[in-house]
K.L.:
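Could you have a look at this structure, given as structure tokens, before my questions?
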Amino acid sequence: MELKVETGKNIQVQDASPSGMKIIWQEIKKDKLAMGSLIILAAILIFVYGAAFFMDAKEIAKVDFLSIYMEPSSDYWLGTDYGGRDVFGQLIVGTRNSFTISLFITLFTAIIGLSFGLLAGYFGGATDNVIMRVIDFVIALPQLMFIIVVVTIVPVFNVYVFILIMTLFLWTGKARLIRSKALSERELDYIHASQTLGTPHWKIILFQLLPNVSSLIIVNFILNLAGNIGLESSLTFLGFGLPESTPSLGTLISYARNPDVLENKWWIWVPASLMILVLMLSINFVGQALKRAADARQRRG
Amino acid sequence: MWKFILRRFLVMIPQLFLLSLIVFMMAKAMPGDALSGQEINPRANPAELDRIREELGLNDPWYQQYARWATNAVQGDFGISYTHKTPVTDVIEDRLWNTVFLAFVTLIFTYMLAIPLGILSGRYNDTWIDKSVTGYSYLGFGTPIFIFALIMLFIFGFALDWFPSGGSVDSKVEEGTLAYFVSKINHVILPALSTALIATTSTIQYLRNEIIDNKIKDYVRTARSKGVPESNVYSRHILRNSFLPIAAFLGYEITGLIGGSVIIETIFSYPGLGQLFLSSVSLRDFSVVTAIVMMTGFATLLGTLLSDIILSAVDPRIRIE
């Protein structure tokens with residue numbers, strides 16, 4: 001009987017498990033829909049933010065009664081609105097405003113939601129109880145109505161106040177999500193070990209807990225960004241969102257509340273509607289791909 | 001079980017108190033007071049007005065005013081509407097039934113679409129059926145309701161002219177007749193369908209995941225090995241377990257519909273609470289606004305309560321804290 005000896009030559013050295021970012025990138029590359037969405041999104045954003053260097057914002061906002069409700073032509077690519085303003089220019093400015101403002105709302109809600117979620121989840125007990133009761137209450141409110149009422153009664157209203165009001169009502173969902181993750185995370189050995197060693201709580205939260213919930217935060221951030229674009233434009237559509245001086249995509253669509261515009265002047269509201277759909281869907285597709293990447297059970301590769 | 005329900009009710013009392021306090025403070029922050037809602041002689045001098053204010057107790061400390069307001073509100077008295085010159089309760093009443101009717105039809109549409117799609121998608125997961133249903137629900141998740149509703153209104157209300165583009169009933173038909181009822185249905189279909197097509201997303205996804213999770217459980221394998229026909233495995237075993245959480249979300253679903261009525265009713269000029277709310281905000285008719293916010297807030301708290309109770313009845317683990 002011959003004895004076979006395994007030589008070291010054929011044994012492949014197993015690499016260390018790939019890093020988080022690498023997995024995410026691979027997952028997006030594999031997902032054609034997500035990759036396409038990412039490219040479209042990047043193209044829109046580069047164009048819209050880049051156009052700021054070539055466009056005169058005042059020129060777009062200028063009312064010109066000689067060219068009211070013009071159909072699309074070579075002068076006005078997407079026609080003009082009731083004030084003779086170029087719809088294409090407004091579309092660019094509106095996209096920029098909608099995206100920037102939604103990004104800030106998402107950022108602020110993420111910071112607040114993250115802080116309260118981590119605190120409630122990590123400490124549990126009474127801290128958790130108090131924070132969760134507040135969250136339960138705010139979530140149960142009819143938020144849209146409350147936002148509209150608050151927007152109406154604040155003495156000064158501008159973009160910053162709008163972002164503040166939205167943040168006030170929207171941080172709760174995020175806090176609840178992160179709290180539940182933190183709650184299960186704090187029972188794990190690495191946290192217990194650090195606590196036994198006497199590591200201060202703030203260090204554990206910032207350097208151990210936070211990195212371990214980071215994938216959840218990123219996915220949630222992206223999905224929320226899409227949601228906030230929809231919410232902001234809905235409110236502006238109703239007339240309670242961005243002030244008149246800052247046109248958003250919702251402003252263009254709100255002209256369609258006039259049945260004549262809705263029925264006969266499609267060039268005013270259809271492009272903005274399509275822009276919101278493309279933005280929201282492509283952000284969502286990227287977010288869904290990341291969600292799969294973050295969850296090992298759902299990974300495709 | 002009863003202990004949980006009792007405890008859940010006790011939680012609601014401070015919530016209700018807090019809600020009423022916030023709504024009251026909002027009402028105070030709004031310009032104008034109860035006097036602006038009543039027809040006062042325009043020549044009344046400021047001293048006279050001050051005297052009436054004193055009599056009405058508008059100069060009392062806020063907690064006394066709050067107590068009085070809350071007592072009246074509990075009895076259904078929200079003051080006088082500034083624009084309609086009638087008690088707020090009367091203004092709200094007809095609108096309320098329109099909104100309830102719309103919400104009811106929307107719920108029926110939502111479940112009629114979501115349940116079969118969710119079952120198909122879960123039962124035949126990873127086939128083309130599942131992929132198209134999942135694709136649809138991704139689209140629904142990413143589409144804001146006001147854009148979808150506008151497109152629906154444009155296509156079916158104007159371009160094809162299949163449905164009326166506004167109102168809740170034809171003004172020519174007589175109340176109580178069959179034509180009246182048909183006209184009401186005809187007016188409600190488009191707004192209800194627009195909402196339902198978007199609102200199915202969460203139910204479809206939830207039902208699909210539940211079915212896929214249940215499929216591989218031991219009780220299903222037992223049923224199969226006993227020789228239960230495949231259709232019965234689904235209808236008697238898997239679905240029964242997968243439906244429970246869906247039923248429990250009914251309360252949240254209603255809550256969402258009431259809150260969302262503002263957008264959909266505005267687009268379809270449907271005379272319900274949401275549209276009344278928005279027009280009252282624009283007209284600064286704050287006694288109506290306050291009443292609607294208070295009522296909607298109360299309704300959403302009740303909806304959450306309903307869902308929590310059903311959930312705890314269905315899933316005993318929730319009761320243990």
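A note on names: the letters A, B, ... follow the listed sequences, proteins ahead of strands, and every chain is numbered from 1.
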K.L.:
If we only count heavy atoms from C-beta on, is the B:F148 to A:L277 side-chain gap below 4.5 Å?
P.N.:
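Heavy-atom side-chain distance check fails, nothing below 4.5 Å.
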K.L.:
Give the interface residues of residues 299-306 of chain B toward chain A, defined by a heavy-atom separation under 4.5 Å.
P.N.:
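Hits under 4.5 Å: B:T300, B:L301, B:T304.
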K.L.:
Test B:V23 against A:F146 for side-chain contact (heavy atoms from CB on, under 4.5 Å), laying out the working first.
P.N.:
CA-CA 9 Å; B:V23 173; A:F146 268 86; 4.2 Å; yes
K.L.:
Around A:F104, counting heavy atoms of other residues, nucleotides and ligands shown, do more than 12 lie under 6.0 Å from its CZ?
P.N.:
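No, because the 6.0 Å sphere around CZ of A:F104 holds 12 heavy atoms or fewer from other groups.
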K.L.:
Using a 4.5 Å cut-off on heavy atoms from C-beta on, say whether the side chain of B:P144 contacts that of A:I276.
P.N.:
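A side-chain contact exists here, since the closest heavy-atom pair is under 4.5 Å.
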K.L.:
Roughly how far apart are A:M145 CE and B:M295 CE, rounded to 0.5 Å?
P.N.:
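Answer rounded to 0.5 Å: 9.5 Å.
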K.L.:
So which of B:L139, B:L150, B:V293 has the largest heavy-atom pair count under 4.5 angstrom toward chain A?
P.N.:
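Winner by heavy-atom pair count: B:L150.
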K.L.:
How close do A:G230 and B:F146 get, heavy atom to heavy atom, and via which atoms?
P.N.:
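Looking at all heavy atoms of both residues, the shortest contact is O-CE2, 4.0 Å.
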K.L.:
Got a second to check how far B:L153's CG is from A:R257's CZ, nearest 0.5 Å?
P.N.:
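If I round to the nearest 0.5 Å, the distance is 12.5 Å.
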K.L.:
CD1 of B:I216: more than 12 outside heavy atoms within 6.0 angstrom?
P.N.:
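Result for CD1/B:I216: open.
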K.L.:
Quick one: does A:F240's side chain get under 4.5 Å of B:L278's, heavy atoms only?
P.N.:
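Yes, close enough: below the 4.5 Å cut-off.
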K.L.:
Answer with side chain, backbone, both or neither: which region of A:Q143 has an atom nearer than 4.5 Å to a non-hydrogen atom of chain B?
P.N.:
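Neither part.
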K.L.:
How long is the span from the CG atom in B:D308 to the CG atom in A:D136, to the nearest 0.5 Å?
P.N.:
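If we round to the nearest 0.5 Å, B:D308:CG and A:D136:CG are 8.0 Å apart.
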K.L.:
Could you look at B:L18 and say if it's the side chain, the backbone, both or neither that has a heavy atom under 4.5 Å from chain A?
P.N.:
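Both parts, backbone and side chain.
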K.L.:
Side chain, backbone, both or neither: which part of B:F141 has a non-hydrogen atom closer than 4.5 Å to chain A?
P.N.:
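Both backbone and side chain.
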K.L.:
Among the options A:L141, A:V154, A:T152, pick out the one with the most heavy-atom pairs lying under 4.5 Å from chain B.
P.N.:
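Heavy-atom pair counts peak at A:T152.
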K.L.:
Side-chain polar contacts of residues 259-270 of chain B - donor-acceptor pairs under 3.5 angstrom, sequence neighbours left out - could you list them?
P.N.:
from: B:S261; atom 1: OG; to: B:I258; atom 2: O; distance (Å): 2.8
from: B:E265; atom 1: OE1; to: B:L273; atom 2: N; distance (Å): 3.3
from: B:E265; atom 1: OE1; to: B:G274; atom 2: N; distance (Å): 2.7
from: B:E265; atom 1: OE1; to: B:Q275; atom 2: N; distance (Å): 3.0
from: B:E265; atom 1: OE2; to: B:T99; atom 2: OG1; distance (Å): 2.9
from: B:T266; atom 1: OG1; to: B:V262; atom 2: O; distance (Å): 2.5
from: B:Y270; atom 1: OH; to: B:N98; atom 2: O; distance (Å): 3.0

K.L.:
Checking heavy atoms, do the side chain of B:F277, its backbone, both or neither come under 4.5 Å from chain A?
P.N.:
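Contact with chain A is through the side chain of B:F277 alone.
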K.L.:
Under a 4.5 Å heavy-atom cutoff, which of A:V149, A:L144, A:L33 has the most pairs with chain B?
P.N.:
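Sorted descending by pairs with chain B, the first entry is A:V149.
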K.L.:
Select one option (side chain, backbone, both, neither) describing which atoms of A:S282 are under 4.5 Å from chain B's heavy atoms.
P.N.:
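Neither part, no heavy atoms under 4.5 Å.
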K.L.:
State whether the number of non-hydrogen atoms from other residues, nucleotides or ligands found under 6.0 Å of A:R186 atom CZ is greater than 12.
P.N.:
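Yes - once you tally the heavy atoms of other residues, nucleotides and ligands closer than 6.0 Å, there are more than 12.
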K.L.:
With a 4.5 Å heavy-atom cut-off, do A:W269 and B:I147 have their side chains touching?
P.N.:
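No, side chains not in contact.
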